[in-house]
Amino acid sequence: MAVPTYHTLVFAVAREIPPGRVSTYGAIADYLALGSARMVGWALNKSFAAGHDVPAHRVVNRKGELSGRAHFPTPTMMEELLQAEGVAVADGRVQDFEAHFWHPKALGDDFEIEALKPG
DNA sequence: TATTTGACCTTTA
DNA sequence: GTAAAGGCCAAAT
């Protein structure tokens, strides 16, 4: 966390995703205005390996599909967590995805500064 | 130091 | 309308 790399920003934004809401790789990438959506998913992959407490289960692809479920400890963990938060998931897809969609921009323009503050 | 990979998105045929 | 390929850029090997 000492040096704000791309992961740092992705982790910070992912952590700020409110429960019961889901975001997309493109939304995070667009908010960060860096790299591309691929990097977001790639960064989240390391989130578990690095032991970060990042709610990666709240991040899905543009179609609302749980594309990253296969990378979780268990393939059903992602779906279980979302359902536990009140997000309806069926067949590996988020129901009413647009209704649960959440854009990082909702945090405000000062978030990225707060995220980089040492804590 | 150079090459390969990656939980995606957008555009064109 | 569906299908395929390209583009994006950083991190690990």
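Keep in mind it's a predicted model, so treat the numbers as computed, not measured. In what follows, chains are A, B, ... by sequence order, proteins preceding strands, each numbered from 1.
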Checklist entry - Measuring from A:Ile17:CD1 to A:His57:NE2, what's the distance to the nearest 0.5 Å? => result 8.5 Å
Checklist entry - With side chains defined as the heavy atoms from C-beta onward, is the minimum distance between A:Pro104 and A:Trp102 less than 4.5 Å? => result yes
Checklist entry - Pick the nucleotide of DNA chain C nearest each of A:Tyr6 and A:Arg38; which residue has the one closer to the 5' end? => result A:Arg38
Checklist entry - Roughly how many Å is it from CG in A:Leu82 to P in B:dA7, rounded to a whole number? => result 18 Å
Next on the checklist: Base, sugar-phosphate or nothing for A:Ala56? Non-hydrogen atoms, less than 4.0 Å.
Outcome noted: base
Item to check | Spacing of A:Asp30 atom CG relative to C:dC9 atom C1', expressed in whole Å | outcome: 16 Å
Next on the checklist: Heavy atoms only, 4.0 Å cut-off, all strands: where does A:Gly35 land among base, sugar-phosphate and nothing?
Outcome noted: sugar-phosphate
Next on the checklist: Distance criterion of 3.5 Å, no angle test: do you see the side chain of A:Tyr25 paired donor-to-acceptor with the base of B:dA7?
Outcome noted: yes
Checklist entry - Rounded to the Å, how far apart are A:Asn45 CG and C:dC9 P? => result 21 Å
Checklist entry - Under 4.0 Å between a side-chain N/O of A:Ser67 and OP1 or OP2 of B:dC8, yes or no? => result yes
Next on the checklist: Check whether A:Asp91 reaches the backbone of A:Arg93 with its side chain - one donor and one acceptor, N or O, closer than 3.5 Å.
Outcome noted: no
Checklist entry - Just to confirm, is there a sub-4.0 Å distance from OP1 or OP2 of B:dC9 to any side-chain nitrogen or oxygen of A:Lys63? => result no
Checklist entry - Pick the nucleotide of DNA chain C nearest each of A:Lys46 and A:Leu34; which residue has the one closer to the 5' end? => result A:Leu34
Checklist entry - Starting at CE of A:Met39 and ending at P of B:dC8, how long is that distance when rounded to a whole Å? => result 14 Å
Checklist entry - Reckon A:Asn61 touches a base, only the sugar-phosphate, or nothing at all at heavy-atom distances under 4.0 Å? => result sugar-phosphate
Item to check | Whole angstrom value for the distance that separates P of C:dA10 from CD1 of A:Ile28 | outcome: 17 Å
Next on the checklist: I want to verify a distance call: between B:dC8, B:dA7, C:dA11, whose nearest atom is closest to the A:Ala37 side chain?
Outcome noted: B:dC8
Checklist outcome for this item: Interatomic distance, CD@A:Glu79 vs OG1@A:Thr74, rounded to 0.5 Å, equals 10.5 Å
Item to check | Nearest-Å distance for atom pair CZ/P, residues A:Phe11 and C:dA11 | outcome: 11 Å
Checklist entry - Rounded to the Å, how far apart are A:His7 NE2 and B:dT5 P? => result 18 Å
Item to check | Exam field: side chain A:Glu85 to backbone A:Arg21, donor-acceptor pair closer than 3.5 Å | outcome: no
Item to check | Distance, rounded to the nearest Å, where A:Trp42 contributes CH2 and C:dA10 contributes C1' | outcome: 6 Å
